[in-house]
2 protein chains.
Amino acid sequence: MTESEPSWDFYRTFLAVLQQGSLSAAARDLGLTQPTIGRHIDALEAAVGAELFTRSQQGLLPTDTALVLKPYAETLASTTAALLRAASSSRDKVTGTVRISASEVIGTEVLPSILAELQAGYPDLVIELSASDAVEDLLQREADIAVRMVEPAHEALLSRHIGIIPLGFFAHRKYLERYGMPESIEDLQRHKLIGFDRQTAYIRMMRKRYPIFDGITLAFRSDHTIAQHNALRAGLGISFLHIPLARRAPDLVRLLPEIELPLDTWVVMHENLKTSPRCRVTFDALVSGLLDYVKGGTDGRRS
Amino acid sequence: MTESEPSWDFYRTFLAVLQQGSLSAAARDLGLTQPTIGRHIDALEAAVGAELFTRSQQGLLPTDTALVLKPYAETLASTTAALLRAASSSRDKVTGTVRISASEVIGTEVLPSILAELQAGYPDLVIELSASDAVEDLLQREADIAVRMVEPAHEALLSRHIGIIPLGFFAHRKYLERYGMPESIEDLQRHKLIGFDRQTAYIRMMRKRYPIFDGITLAFRSDHTIAQHNALRAGLGISFLHIPLARRAPDLVRLLPEIELPLDTWVVMHENLKTSPRCRVTFDALVSGLLDYVKGGTDGRRS
DNA sequence: CAGATGATATACATAAATGTATGACTGAGT
DNA sequence: ACTCAGTCATACATTTATGTATATCATCTG
């Protein structure tokens, strides 16, 4: 009853065990040893008064309680990481690490040239880019700055509207030589289409706007956007693509120009970070680079 | 350069030093000793590569860097507290601690009777009530459930609309015997008014709706709502009050019934907590109790 | 079915963090 | 001017946590 608060390090160990699935693996991950990890878990279980794992000899199975606690531990981990990033940047100089979250397409195809220029201007700036379509939470400091395709709702977020990235249908010249040019939406039925594996909110919106797509079957599906782009460039089929991106690839031909979908874009940052020089310059660089990209500016050239 | 991540306990120590203002006080707070606290701070400063405090013999003065890191450390503290609350409640039974955030008026005058009934129904439930007009952040788990007077914006929050609590002018019978009954808004000029010390968003809204109040001077000001209520009950002057609250005090008389301000009310909870029995029953109890209160139900009687 | 691999648990030695005791300094009050 | 209560810093003893080595068990593989 008179027990004091457990060491916060136990939470780090707890999360590592959850993520790695065994005491030994967690020990390797944290640079500690297996007995230490075991003792941490024992101590944490005693402190919270609940079983966290059912021990077995091929690993540890988390209990329901452990799964309930997992998001809290994840918050702790992302917060400590954010704290260290914030600490690493001194007050006046642009140093330290900035973590950016963006979609796969933006992160892999658009940002590299923008960030290269930024890095050239600030050699002490370390850039961490998370290119994933899973949304990272700025409020929980999983990232410092994010490029978002939905309007940010929370008022604690400082956001800058970039504008609309237009999407259009494209195919490689080689593909068109073989299969011919589709002349109408209905004509797409006989073509090879490249698309997503799962339903996203954006795809549902598109289907609502162009109901014709409901009946179209896809010849190539992948959740991985880059795989789709490479399939497009390899001449596998027809796919949606950012129109500014297609300008960089001379062998890609725009199809059905009457179809154009908007991808509204924002750059978002937590308001508390606006006084941080490293975040400020990165935010500004992203805004200006993306504005150029949307306008189809020439500086988005690939290396 | 090959330094590993600092112990998470250092962040707890860091926050305690920030809050307490000295190594010695932080040591007392955490149940450690002053040399240990000093070593923790030294280690943390070495790990982040920045000075966190300027040492002096009457205490420690936080540097700018330390102030930047403070909110992160606060998030860590509230998250660990929330984790422990979550851990203390078992999966099926209503046990453990639930932390509720509400305004001073609601928390001190309205909730006690509701929570007493809840506690009677669930003896193993421990209720923690933060009655403060400072908003606690549900997203950062500073509280599990909140009673709010503004509509919740974030989509990760599960909210239930209660309705409008009407506010009206009241005075104690004794006061009216001495100063007479005001017959109009203009008549208030010659009366003793009780009100807030600072400008809140709600007060600005009220001034906009009844511009006449701009010219009125207050005879008694306090940021502390309870102090205002007690001043009202002591016959010091005229004040706004929840109309359902006034029903419980027979000596309070409603004035200027044509003036009635709305206080829109929600009960809000983080969506992740809806599967937690202790939060679920507390949420339901708050909703039902507050609905009764708004309707002026009879079960809101004070003990 | 034997052997390799990878898991947890335990015993013991070692390293690390903590506590105790003390000194030096500051500022407030007498 | 002096005490007193407060602070931080340092030296040393002790407790605590960690690492090493080993035993035991399960699973997969040839």
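Order of the sequence lines sets the chain letters (A, B, ...), proteins ahead of strands, with each chain counted from 1.
- Remark: P of D:dT16 and CZ of A:F10 are 13 Å apart, rounded to the nearest angstrom.
- B:I41 has its CD1 atom 15 Å from the P atom of D:dT7, to the nearest Å.
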Give every pair of a protein N or O atom and an N or O atom of nucleotides 11-13 of chain D that lie under 3.5 Å apart, one pair per line with the distance.
none

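- A salt bridge is defined here as a Lys NZ or Arg NE, NH1 or NH2 lying under 4.0 Å from an Asp or Glu carboxylate O, and B:D144 with B:R278 meets this definition.
- If you find the closest nucleotide of DNA chain C to B:G31 and to A:G38, the one lying nearer the 5' end belongs to A:G38.
- Using a 4.0 Å cut-off, no side-chain N or O of A:S24 falls inside it from OP1 or OP2 of C:dG6.
- Counting only distance, with no hydrogens or angles, the side chain of B:R99 and the backbone of B:L129 share no donor-acceptor pair below 3.5 Å.
- Listed for the A:E45 side chain is a donor-acceptor partner under 3.5 Å among the backbone atoms of A:L52.
- Atom CG of B:D42 is separated from atom P of D:dC8 by 12 Å (rounded to the nearest Å).
- For A:S22, the listed nucleotide lying nearest its side chain is C:dA7; candidates were D:dG19, C:dA7, D:dT7.
- Judged by distance alone, the side chains of B:Q140 and B:S78 never bring a donor and an acceptor atom under 3.5 Å apart.
- Looking at A:Q34, its side chain has no donor and acceptor atom pair within 3.5 Å of the base of C:dA7.
- In this structure, B:W8 atom CH2 and C:dA17 atom P are separated by 18 Å, rounded to whole Å.
- Look at A:R233 and A:E109 and you find a salt bridge, because one of the NZ, NE, NH1 or NH2 atoms lies within 4.0 Å of a carboxylate O, short of that distance.
- Rounded to whole angstrom, the span from the CG atom of A:L30 across to the C1' atom of D:dA17 amounts to 15 Å.
- For the pair B:T33 and C:dT18, the criterion of a side-chain N or O lying under 4.0 Å from OP1 or OP2 is not met.
- A salt bridge does not link B:E142 with B:R85: none of the charged nitrogens is closer than 4.0 Å to a carboxylate oxygen.
- For the pair B:H40 and C:dT18, the criterion of a side-chain N or O lying under 4.0 Å from OP1 or OP2 is met.
- Under a 4.0 Å N-O distance rule, the pair A:R39/A:D42 does not qualify as a salt bridge.
- Taking atom CD of residue B:Q20 and atom P of nucleotide D:dC8, one finds them 12 Å apart after rounding to whole Å.
- In this structure, the CD1 atom of B:I37 is 14 Å from the P atom of C:dA17, given to the nearest Å.
- D:dT7 atom P lies 13 Å from atom CG of B:D29, rounded to whole Å.
- The phosphate of C:dA17 has neither OP1 nor OP2 within less than 4.0 Å of any side-chain N or O from B:T36.
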